[in-house]
*Asks:* 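Handing you this structure, nothing more for now.
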Amino acid sequence: MKKTFDELKLTGNLPSPAGVGMKILTLTQKEDFSADDIAKTIQTDPALTGRIIKMANSAAAAGVKVITNVNDAVVRLGARTVRNVALGFSLISAYRQGGCKTFDYQGYWSESLARAVACQTISARKRMGAPSDAYICGLLSGIGRLALACVHPQAYADVLARTTPTTSDLELAGIEHQAFEMDHRELGAAMLRDWHLPDPYAHAIETFAGNPADDPANSDRVSSMLRLLLRVSSAIARLLIGDASNRPALWPQVEVWAKEVQMSTQEFVATCDQIAREWQDWGKTLAIRTSKVDPFTDIAARAAEVSQQAVEQVACTADSAASDDDSDSTPATVDPAIEPLTILAIDDDPVCLKLLLTHLKRTGHTLISAQNGKAGLQAALEHGPHVIITDWMMPEMDGLELVKQIRRIELGKDIHILMLTGREEEDRVVEAFEAGVDDVVTKPFNPRILLSRVSSGERIVRLREQVSTDRRKMEDQVAELAILNRRLNNSSNTDVLTQVANRRYGVAELEDQWNKTQSLAVIMLDLDHFKLVNDTHGHDAGDQVLREAAKVLSANVRKSDTVCRMGGEEFMVILPDATPDEARTVAERLRTALAAHVIRHGSFEGHITASLGVAVRQQGMEHSAALYKAADEAVYASKQTGRNRVSFAA
């Protein structure tokens, strides 16, 4: 997975916190950071500055002094909250839209925000770790889906076409793995590790969507807690973003999680009400779509009014209707060259703005408007227009400052900006172009001249889109080649019969881990009396024994361990960063799991046992082959002393 992730990283298309978000994320991982350090970093992003100050003032109680600077806002909100806002804002601002046509970017962020708020709220109420850490984990728990949509836009659209509204996260992961040799859970965990976020975040994101009964037995406390929070919060998030008429049907599925977090029904209802309110508040702060939610007492009451059979019928009907609506509302595929542009018109004079919009309607493009620079900046962040036409002289924020701020953010680099001004002095025009304006039109404007300038801007936008399309096609080709390379690599490193790593990969991985860590252990195991199975029941039965043995071994090792088939009935397990006691524990778990597993194939029905040998890296060992040999000799000792046992290398 490490090599695969490095390949994806080299594409340059993986989502990552942009600019200030990454700086603050890095800064807050140090123990000696200060509020002043964070404030200085935030001030380089005007849009984020405004949100932080607004949030600090909205959090203030009555009579508390209104905050006007970032330093005070950071002190009032706390470093972790500021980090969360910066990380969320930088990711959301940069990835509100993308090249994957069937990926619902707005819906993705709305659900991610709902999950994040739910994680934070439940964490605070039940004292389950740090609420701000739970928020980050919830927000990023689906980041792998966004990453696949960014790196493989067309291929991921094909993946989504194979899903339905009822497709589970695990089913989606299976479809993704068929297409990319990886899934969004593995990729999301790798991204969090690459951002140097705590490993329990990555571990929880990688495993929370599975069956709780299948949770790793050796999970640390933080990972287990985050996994539970993500499961509860995901159920609540699905309810919040779903259709209002379907919420009573979903409520029983959500309510079962109240017991898991040790909440009474009354407390859980109150918690869900709080989550809904905070989700809507955060949505306003981060400009993310949310929806109105009735009090959860009403939702619970409506759910209780109908029988379970009626609830299931309502859910089925709602799902069917949602599916029909989706298919009806899907826009027809249109040549991008004739799709209308989005034009944002900004002027503080209502008469001038109305006149401007009247003339622009003749272009056939989609129009939005704002009556001052501050509102214009907000509209630009929310809608991502192709063209902005703005007046220069406006209150609160003039057109020149608006242009400067738009050009500072990634979203604004490709927007074509046309400035309206009543002053034609050479220095003023030069100042406008230096600030980032693409064209200037004098006021009062000649409609024909204005529309011709808009038409000229449209040609530039279309050219940029064509370049972007061509680049995406080339990136798609590179991405497809990467998938083929990964499949070829996996094929060359995978044992065809058992689908675990083969000898070639095992030898290379052992050498790699030998060079990385001093705490390294190896378990060698040999299936007992395997030749008798082949001779008595045939090679088909022997092959099935090998396949099922490999499955049992893979299911009972740690996430970081590697199971390899070395040949015949011999397997090796590589355990990086394992103490002698941990290695012994894993080996004994493997032995008992194999002995307890019943295999049925043709005339064969019974158990298979194994002789295991464990070796741990010692100071006198000069190379990895010595460790392998020590474990192999320990297997021989197990064979000699009765089989179905674990021996430890001396």
Side-chain angles (χ1 to χ4, degrees), residues 216-218 495 498 500-503 505-514 516-535 542 545-599 606-650:
N218 59 336
D495 179 64
T498 62
V500 297
N502 59 19
R503 182 185 186 91
Y505 182 86
V507 171
E509 177 68 7
L510 180 59
E511 180 66 21
D512 186 46
Q513 293 298 337
W514 178 272
K516 285 181 180 178
T517 178
Q518 290 297 315
S519 301
L520 179 63
V522 166
I523 300 172
M524 295 295 299
L525 64 92
D526 198 87
L527 300 183
D528 297 328
H529 305 299
F530 179 72
K531 185 176 183 301
L532 185 61
V533 175
N534 275 336
D535 293 344
V545 166
L546 290 172
R547 280 191 287 264
E548 297 210 24
K551 288 180 182 178
V552 171
L553 296 176
S554 299
N556 285 277
V557 295
R558 306 173 307 170
K559 189 72 178 176
S560 57
D561 300 338
T562 303
V563 177
C564 317
R565 183 186 176 202
M566 302 303 285
E569 66 271 30
E570 186 179 44
F571 292 85
M572 174 175 68
V573 182
I574 303 170
L575 298 87
D577 299 315
T579 65
D581 286 343
E582 288 172 336
R584 190 187 299 273
T585 299
V586 173
E588 189 59 36
R589 184 165 67 240
L590 296 177
R591 186 193 68 78
T592 55
L594 280 171
H597 184 68
V598 178
I599 301 173
H607 304 269
I608 191 80
T609 63
S611 300
L612 297 90
V614 182
V616 177
R617 182 173 184 170
Q618 304 293 337
Q619 191 169 3
M621 293 179 176
E622 297 182 358
H623 42 68
S624 60
L627 181 61
Y628 175 89
K629 182 179 179 182
D632 198 42
E633 290 174 349
V635 172
Y636 182 75
S638 292
K639 291 278 189 185
Q640 291 294 101
T641 53
R643 292 185 170 84
N644 190 23
R645 63 188 61 216
V646 175
S647 296
F648 216 88

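Values below: all heavy atoms of this structure, side chains included; hydrogens, waters and symmetry mates excluded.
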*Asks:* Quick one, Leu627 and Leu510 - any side-chain contact, counting heavy atoms below 4.5 Å?
*Replies:*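 With C-beta onward as the side chain, the pair touches.
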*Asks:* Using modelled atom types only, decide if a donor and an acceptor are shared between the side chain of Arg565 and the backbone of Thr498 within a distance under 3.5 Å.
*Replies:*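 Checked: no pair found.
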*Asks:* May I ask you to say whether Asp528 pairs ionically with Lys639, meaning some side-chain N is under 4.0 Å from a carboxylate O?
*Replies:* yes
*Asks:* Side chains of Val614 and Arg584, heavy atoms from C-beta outward: is any pair under 4.5 Å?
*Replies:* no
*Asks:* From Ser611 OG over to Glu569 CD, what is the distance, rounded to the nearest 0.5 angstrom?
*Replies:* 10.5 Å
*Asks:* With a 4.5 Å heavy-atom cut-off, do Val545 and Asn534 have their side chains touching?
*Replies:*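 Contact flag for Val545/Asn534 side chains = no.
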*Asks:* Under the criterion side chain to side chain contact (heavy atoms under 4.5 Å, CB included), I'd like the reasoning laid out for Gln518 against Arg617: C-alpha separation, chi angles, the key distance, then a yes or no.
*Replies:* CA-CA 7 Å; Gln518 290 297 315; Arg617 182 173 184 170; 3.7 Å; yes
*Asks:* Tell me the closest heavy-atom pair linking Gly568 and Leu546, and the distance in Å.
*Replies:* O-CD2, 3.6 Å
*Asks:* Should the pair Arg558-Asp561 be classified as a salt bridge under the 4.0 Å nitrogen-to-oxygen rule?
*Replies:* yes
*Asks:* Is any side-chain heavy atom of Met524 less than 4.5 Å from a side-chain heavy atom of Leu612?
*Replies:*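 They are not in contact (no side-chain heavy atoms under 4.5 Å apart), so the answer is no.
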*Asks:* Which heavy atom of Cys564 sits nearest a heavy atom of Thr562, and at what distance?
*Replies:* SG-CG2, 3.8 Å
*Asks:* Taking all non-hydrogen atoms of both residues into account, name the closest pair between Asn556 and Val586 and its distance.
*Replies:*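 Asn556 and Val586 have their closest heavy atoms at O-CG1, 4.4 Å.
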*Asks:* Contact between His607 and His597 at the side-chain level, heavy atoms closer than 4.5 Å - yes or no?
*Replies:*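 Not touching, per the 4.5 Å side-chain cut-off.
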*Asks:* Could you give the distance from OG (Ser519) to CD (Glu582), rounded to the nearest 0.5 Å?
*Replies:*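 That separation rounds to 9.0 Å.
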*Asks:* If you compare all heavy atoms of Ala521 against all heavy atoms of Ala583, which two are closest, and at what distance to 0.1 Å?
*Replies:*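 Minimum heavy-atom separation between Ala521 and Ala583: CB-CB, 3.7 Å.
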*Asks:* Under the criterion side chain to side chain contact (heavy atoms under 4.5 Å, CB included), I'd like the reasoning laid out for Leu590 against Val557: C-alpha separation, chi angles, the key distance, then a yes or no.
*Replies:* CA-CA 8 Å; Leu590 296 177; Val557 295; 3.9 Å; yes
*Asks:* Among side-chain atoms of Thr517 and Asp577, is any donor-acceptor pair under 3.5 angstrom?
*Replies:*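 Distance-only check passes for Thr517 and Asp577.
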*Asks:* Applying side chain to side chain contact (heavy atoms under 4.5 Å, CB included), run through Val533 and Leu527 and close with a yes or a no.
*Replies:* CA-CA 11 Å; Val533 175; Leu527 300 183; over 6 Å; no
*Asks:* Would you say the side-chain atoms of Arg643 pair up with the backbone N or O of Ala610, donor to acceptor, closer than 3.5 Å?
*Replies:* no
*Asks:* Rounded at 0.5 Å granularity, tell me how far CG in Asp535 sits from CZ in Phe530.
*Replies:* 10.0 Å
*Asks:* Closest heavy-atom contact between Phe648 and Ala634?
*Replies:*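 Scanning both residues, the minimum pair turns out to be C-CB, 4.3 Å.
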*Asks:* Checking Asp632 side chain against Tyr628 main chain: does a donor-acceptor pair fall under 3.5 Å?
*Replies:* no
*Asks:* Taking the side chain as every heavy atom from C-beta outward, state whether Ile574 and Val563 have any pair of such atoms under 4.5 Å apart.
*Replies:* no
*Asks:* Under 4.5 Å between any side-chain heavy atoms of Ile523 and Met572, yes or no?
*Replies:*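 Contact flag for Ile523/Met572 side chains = no.
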*Asks:* Side chains of Leu575 and Val616: does their closest heavy-atom pair fall under 4.5 Å?
*Replies:*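 No, too far: nothing below the 4.5 Å cut-off.
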*Asks:* Taking NZ, NE, NH1 and NH2 as the nitrogens, is one of them in Glu588 or Arg591 under 4.0 Å from a carboxylate oxygen of the other?
*Replies:* yes
*Asks:* With no hydrogens and no angle check, is any side-chain donor or acceptor of Thr592 less than 3.5 Å from a backbone partner on Arg589?
*Replies:* yes
*Asks:* What are the two closest heavy atoms between Met566 and Arg503, and how far apart are they?
*Replies:*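 Looking at all heavy atoms of both residues, the closest pair is O-NH1, 3.1 Å.
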*Asks:* Check the side chains of Ser647 and Ser638 for a donor-acceptor pair under 3.5 angstrom, ignoring hydrogens and angles.
*Replies:* yes
